[in-house]
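See below for the structure under consideration.
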Amino acid sequence: SDNVLSASKRGHTAEASLKACKMVKEAGFELIGQMMVGLPGSTAEAEIETAKTICDLGADGARVYPTVVFADTELADMTESGKYVPLSIDDAIERTASVLDVFDRAGVPVIRVGLCSGENLSSPESVVGGANHPALGELSMGELMYRRICEEADRVIGGIDASGKTMTVFVPRGATSRAIGQKKRNILRLNEKYCKKHSINRIKILENSSIIGYNIIIDFS
């Protein structure tokens with residue numbers, strides 16, 4: 001987005017980015033698309049379009065970085081003056097989950113979400129605002145898993161009487177914690193949404209090695 005690039009003073013245009021990506025692919029290199037969430041002037045819709053464009057350019061992978069405001073930077077000055085409002089943690093999770101969804105559906109692996117720990121990148125002295133959370137990636141991935149579970153559960157429940165049954169959610173190998181959510185965030189929301197509303201007896205999370213990405217299978221018994 002030229003508007004976002006200009007507001008963020010990135011020093012180049014969207015067309016320059018497109019040209020560079022095409023040159024990388026034409027030269028036979030792997031292309032890893034790197035994007036930020038919550039930059040000045042950006043919107044959730046613009047970020048989804050950026051993710052789609054990265055996929056359309058043939059990216060072999062992606063990195064997603066929710067914006068963090070560091071001390072002694074122009075972005076910190078913009079925040080202090082009110083010209084820029086950093087995303088809250090919850091907003092960053094929601095918007096990051098949305099772009100992760102785009103990459104997953106396109107089969108583009110996301111190899112990093114959020115800043116690396118270390119180098120004082122997350123210390124209170126260095127950070128003055130924005131999506132600074134040590135588990136932001138885990139929370140965002142968990143949010144996408146929750147959305148996928150709800151999407152499939154709503155579809156299945158639409159054709160059956162789920163009252164009194166157990167809802168078994170099959171997830172990819174190693175994705176149990178992602179499905180349960182940090183501090184059981186997802187399970188608590190799923191219980192509230194389905195056990196109470198549809199009188200489902202209980203919800204179980206099981207792993208299935210044949211499932212990949214954020215895909216899930218739901219069975220009622």
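Values reported hereafter were calculated over all heavy atoms of this structure, with side chains retained and with hydrogens, waters and symmetry mates removed.
- The line from CD of Glu138 to CD of Glu143 is 13.0 Å long, rounded to the nearest 0.5 Å.
- The CD1 atom of Ile203 lies 8.5 Å from the OH atom of Tyr194; values are rounded to the nearest 0.5 Å.
- For the atom pair CE of Met23 and CG of Leu31, the computed distance is 12.5 Å after rounding to the nearest 0.5 Å.
- Listed by chain and residue number, Glu74 satisfy the salt bridge (Lys or Arg N to Asp or Glu O under 4.0 Å) test with Lys9 (two or more places apart in sequence, or in another chain).
- The closest side-chain heavy-atom distance from Thr96 to Leu100 is below 4.5 Å.
- Under the 4.5 Å side-chain contact rule for hydrophobic residues, Met167 and Ile216 share a cluster.
- For Gln34, the CD atom sits in a packed shell: over 12 heavy atoms of surrounding residues, nucleotides or ligands are nearer than 6.0 Å.
- Because its NZ or CZ atom is both nearer than 6.0 Å to the ring centre of Tyr214 and within 45° of the ring axis, Arg178 counts as a cation-pi partner of that residue.
- A continuous path of Ile, Leu, Val, Met, Phe, Trp and Tyr side chains, each step under 4.5 Å between heavy atoms, connects Ile218 with Ile200, placing both in one hydrophobic cluster.
- Using modelled atom types and a 3.5 Å distance limit, the side chains of Ser163 and Asp161 yield no donor-acceptor pair.
- The shortest side-chain heavy-atom distance between Glu94 and Arg147 falls under the 4.5 Å cut-off.
- Across Gln182, Arg189, Lys184, a single residue satisfies side chain to side chain donor-acceptor pair (under 3.5 Å) together with Asn186, and that is Arg189.
- Contact of the Val169 side chain with the Leu190 side chain is not registered, since no non-hydrogen atoms from C-beta on lie closer than 4.5 Å.
- Rounding to the nearest 0.5 angstrom, the gap separating the CD1 atom in Ile187 from the CZ atom in Arg202 is 11.0 Å.
- Ion pairing of Arg148 with Asp101 is present here, as a side-chain N (NZ or NE/NH1/NH2) and a carboxylate O approach within less than 4.0 Å.
- Around atom NZ of Lys25, more than 12 heavy atoms belonging to other residues, nucleotides or ligands sit under 6.0 Å away.
- Clustering ILVMFWY residues whenever any of their side-chain heavy atoms sit less than 4.5 angstrom apart, transitively, puts Ile157 in the very cluster that holds Tyr146.
- Listed for the Ser140 side chain is a donor-acceptor partner under 3.5 Å among the backbone atoms of Leu136.
- In Ile212, the CD1 atom is not crowded: 12 or fewer heavy atoms of neighbouring residues, nucleotides or ligands sit closer than 6.0 Å.
- Separating the CG atom in Asp219 from the OG1 atom in Thr166 is a distance of 9.5 Å, to the nearest 0.5 Å.
- Under the 4.5 Å side-chain criterion, counting only non-hydrogen atoms from C-beta, Ile211 is not in contact with Val171.
- Between the side chains of Ser98 and Glu47, no donor N or O sits under 3.5 Å from an acceptor N or O.
- The hydrophobic clustering, which links ILVMFWY residues whose side-chain heavy atoms are closer than 4.5 Å, places Val127 and Val113 apart.
- Checked by atom type and distance alone, the side chain of Ser8 pairs as donor or acceptor with a backbone atom of Val4 at under 3.5 Å.
- Separating the SG atom in Cys21 from the CG atom in Leu57 is a distance of 5.0 Å, to the nearest 0.5 Å.
- The hydrophobic cluster containing Tyr65 does not contain Ile111, counting ILVMFWY residues as joined when their side-chain heavy atoms lie under 4.5 angstrom apart, directly or transitively.
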